[in-house]
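Below: the structure, in C-alpha cells.
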Number of protein chains: 2
Amino acid sequence: MLTDRQALILQVIIDEFIETAQPIGSRNIAKKDHISYSPATIRNDMADLEDAGYLVKTHSSSGRVPSEKGYRFYVDHMLSPFSLSTEEMQVIKSQFNDRMIEMEKVMQNSAHILSELTQYTTLVLGPEVYETKLKQLQIVPINKQSAIAILVTDTGHVEHRSFAVPHTIDHSDLEKVVNILNQKLVGVPIIYLDRMIESEVLDLLNQYTSNYQKSYDLIHNALFGHQTTSLYVSGKSNILMQPEFNDIEKARSLFNVLENEEKMAPMLKADEEGIHISIGHENAMEAMNHSTLITATYTVGNEQFGTIALLGPTRMEYAKAVSLLDVWSRHMSQSLHKWFKD
Amino acid sequence: MLTDRQALILQVIIDEFIETAQPIGSRNIAKKDHISYSPATIRNDMADLEDAGYLVKTHSSSGRVPSEKGYRFYVDHMLSPFSLSTEEMQVIKSQFNDRMIEMEKVMQNSAHILSELTQYTTLVLGPEVYETKLKQLQIVPINKQSAIAILVTDTGHVEHRSFAVPHTIDHSDLEKVVNILNQKLVGVPIIYLDRMIESEVLDLLNQYTSNYQKSYDLIHNALFGHQTTSLYVSGKSNILMQPEFNDIEKARSLFNVLENEEKMAPMLKADEEGIHISIGHENAMEAMNHSTLITATYTVGNEQFGTIALLGPTRMEYAKAVSLLDVWSRHMSQSLHKWFKD
DNA sequence: ATTAGCACTCGGAACCACCAAGTGCTAACA
DNA sequence: TGTTAGCACTTGGTGGTTCCGAGTGCTAAT
C-alpha cells in the first residue's frame, strides 16, 4: 500500500489541484511549508503513485493530475474534516429556524441555497410517498367540458390535474363521487388508494349515482394516471463556470441529462442511508463521466428517504461539499421529523 | 435610399450569413444563380451598404457581415414569406386539435414544442389576469400548525400556498371564513377580490366568527400576498449550440438573465398586439445585446395579452421564426377563445 | 453604369527557435 | 538504505517569420 509520505503527497496534490485546476509539479510541492522533502524525493514517490494509478500525467513532461482512482482514495481515506464558516452555518440554521410550512418549499429552497453556497449544481429529490397520506380530494368544475381534480397530502403537497368531462356526466355526479371518496379515503396512504377504492368504495358508489363507473374512471385517471417525481434542480448555469467545461460539448451533454427528469431521478435514488460519492466513470451515465455526484439522504418520518445532491467536476471541493450536505441533511431530517409529529 | 440592386445584395448577404455564420465576400455573391453582376459591381454596392451602416467588416480585408441596422432593415422590408413544412404544420395542428383542458398545460407544451421546432429558446408568458375570475377557494388543514390555501380560477389555474395557523385560531373558524368567502366571491375577477372583500364580506364575517379578523388576515396574506408571473421557458440549452456563443462568457450572462423571472417577464410584456422583433442592442438588457428576441401576442377572451417569444442569436432564421410564431399564436388564441365560450 | 485588372491588406496555417516547467535517472551523500 | 543534487531529456506554449487565400478599393477600359 501507500507509505505515509506517498499518502501525504497524494493529498497535497489533490488539494492543490482542486484549488488551481493545474497539473502539479514536484518542485511546487516541495515549496510547501509542511513538506520537508526535496523535489527529487517527491518525484520518486510521484512516479510510484502514478504506477499505482493514483495520478496521471497530461503529457510526458508535465506535472501530475489526480486520476479517478486518486480521488476515490482521497474521499475514502483522507477527507479532512472541513469546518463550515460561521456565515454558512448561519444560513443553514436560519433556513430551518422558521417553522416549516410545506415540504415542497423546503426542497426548493434547499436546492437554491445549496447551489449558492457551493457554486455547484444542486438536486433535491423528494421522498418516496409510501407513507404520505391523503388529506383531501377536491373537484372543481371549470366549464361544461372540463374540471380540475386537486389532491392534497399530509406533507402539504398539492397535486392538480385537469380532465375533460363528457356531456353524459353531470357535475352533480362528480360531486357525489368526490364526497364518497373523501369520506372513505382521507387518511389512507397514497399508494393504497387504488386497492382501497376497489375494496371499500366501489359498491358504495354504485348505490348513489347511476353511472358512477364513468365518473370514477375519470377521477381515477386524472389523479392516479401519472406519478410525478418531485425533483428540484438549481444552479445549472454554475456548470458553465467550471474551467473543465470550457469544452462546450461536455457542458452541452451535461445540460441535456440535467433537463431530463426521468434520467436524473434514478441516479439520485438512494438504496442506503448516508452520503454517497460517485466519481467520474463511476457514474452510469456517459455525460457525467467528467463529473462527481455527491448524494446525501434525508429522512421523513419512517424510513422514507429523500436525496439531496451536489453535481460538480471531478475536481470538486469534496471536503466542503460533504460537510455541507451532511449538516444540511441532518437539519432537514430533524426539521421534517418535528413537523410530522405535530 | 437603397437601390434595388443594393437591397438584393443585402438580402443575399443576410440570408447567406444566417445560414453559414461566415462573413460573405463579393465573389461568393456573384456566383449565385440569380445574381448577374460581377464581383466588382457588387463590391461597390457593398461599400455603399457599409457606408450606410447596413454591413460591417470584421477586419479591413474580410467579407461583410450584417449589422444590427442591416437585420432591422431585413426584418422590416424584406422578410420573405416562409412556408412551414407539412410536418411542422402537422405538429402545430395536432397540438390544438385535442380539446384543451387547462391553460397552464398549453403554455408549457407550447414552450416545449416551439423550442424543438426552432432550436431556439422559447418563452411563454401567461396573460395578465384582469379578467380571470375566481372559481373556488379552499382551505385544507394539514396539521395543528399549518394549512394550505388553494385558489382555482376559471382559466383552470391552481394556485396554492401554505401558511402557519396560530393556536389562537381554530380550524372551524377558518372553515367558516372560507365558506363565506366562497359564497360572496366566486365569479369575481381576481384583481377585484381585495376591494370586494372590503365592501361586502368583512361585515358579514364579523357576525359569524369571533376573531374573524385574524382568520381573514391569514387567508388574505396566503392568497394575495405575492403575485406569480407565469413564465415558462424551454430549450435553454439550445443557446449553447449556436456558434456565436462559443465564447462562454456570453452564454453565461445570457443564462443568468434567463434564470431570473423578474428580469425576463418585463421584456416579454407586450404593449401592442402582434409580432415584435428586438435585435441586439435594441434589447434593454446588456446580456441580450448579441441576441434577438421575437415576441408574438396571443389573446385570451377580451383583450388580455399573453406572449410567446423566441430567443436566438441576432443571426436568427427570422423568416421561419416569425411565421412559426405567427401561426402558433393564431392557433393558440383561437383555441383559447373557443374554450372560454364553453 | 459596369467590369476587368491589379495592388494591397489581413487572418490563419505552417514552421521555427526558444524558454519554462517538468520528468527520469545516476551518482553522491548521511 | 533512504534521500538528495545534478543533469540530460521531453513537451507545451510563446513569439516571430513566412506564405497563402480570400477579400477589398481603386483605376482604367468597355
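Below, read A as the first sequence line, B as the second, and so on, with proteins coming before strands; counting in each chain starts at 1.
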* To do: Output every pair passing salt bridge (Lys or Arg N to Asp or Glu O under 4.0 Å) with a member in residues 65-80 of chain A, not counting sequence neighbours, ordered by first then second residue.
  => A:Arg72-A:Asp76, A:Arg72-A:Glu282
* Residues forming a salt bridge (charged side-chain N to carboxylate O under 4.0 Å, His left out) with A:Glu244, sequence neighbours excluded -> A:Arg315
Close N or O pairs between protein and nucleotides 23-30 of chain D (under 3.5 Å):
residue : atom : partner : partner atom : Å
D:dG23  : OP1  : B:Asn28 : ND2          : 3.1
D:dT24  : OP1  : B:Arg64 : NH1          : 3.1
D:dT24  : OP2  : B:Ser26 : N            : 3.2
D:dT24  : OP2  : B:Ser26 : OG           : 2.7
D:dT24  : O3'  : B:Lys57 : NZ           : 3.3
D:dG25  : OP1  : B:Lys57 : NZ           : 3.2
D:dG25  : OP1  : B:Arg64 : NH2          : 3.2
D:dG25  : OP2  : B:Arg64 : NH2          : 3.4
D:dG25  : N7   : B:Arg43 : NE           : 3.1
D:dG25  : O6   : B:Arg43 : NH2          : 3.1

* Using atom CG of A:Asp45 as one end and atom P of D:dT3 as the other, report the distance to the nearest whole Å. => 8 Å
* Asked: For D:dT3, does either OP1 or OP2 sit under 4.0 Å from a side-chain N or O belonging to A:Thr41?
  -> no
* Structure fact -> Here the distance between atom C1' of C:dA20 and atom NE2 of A:His59, to the nearest Å, is 11 Å
* Asked: Going by the ring pair (Phe, Tyr, Trp, His ring centres under 6.0 Å) test, which pairs reach into residues 241-287 of chain B, not counting sequence neighbours?
  -> A:Phe255-B:Phe255
* NZ/NE/NH1/NH2 to OD/OE distance under 4.0 Å, A:Glu16 and A:Arg64 -> no
* Asked: Once you round it to whole Å, what is the distance between P of D:dG2 and CG of A:Asp48?
  -> 12 Å
* For residues 113-124 of chain A, pull every pair meeting salt bridge (Lys or Arg N to Asp or Glu O under 4.0 Å), keeping only residues two or more places apart or in separate chains. => none
* Structure fact -> Sorted by chain and number, sequence neighbours left out, side-chain hydrogen bond (donor to acceptor under 3.5 Å, both in side chains) with B:Ser61 holds for none
* To do: Rounded off to whole Å, could you give me the CD-to-P distance for the B:Gln6 and C:dA1 pair?
  => 13 Å
* To do: Let me know, please, whether B:Ser38 or B:Thr58 comes out on the 5' side of the other along DNA chain C by nearest nucleotide.
  => B:Ser38
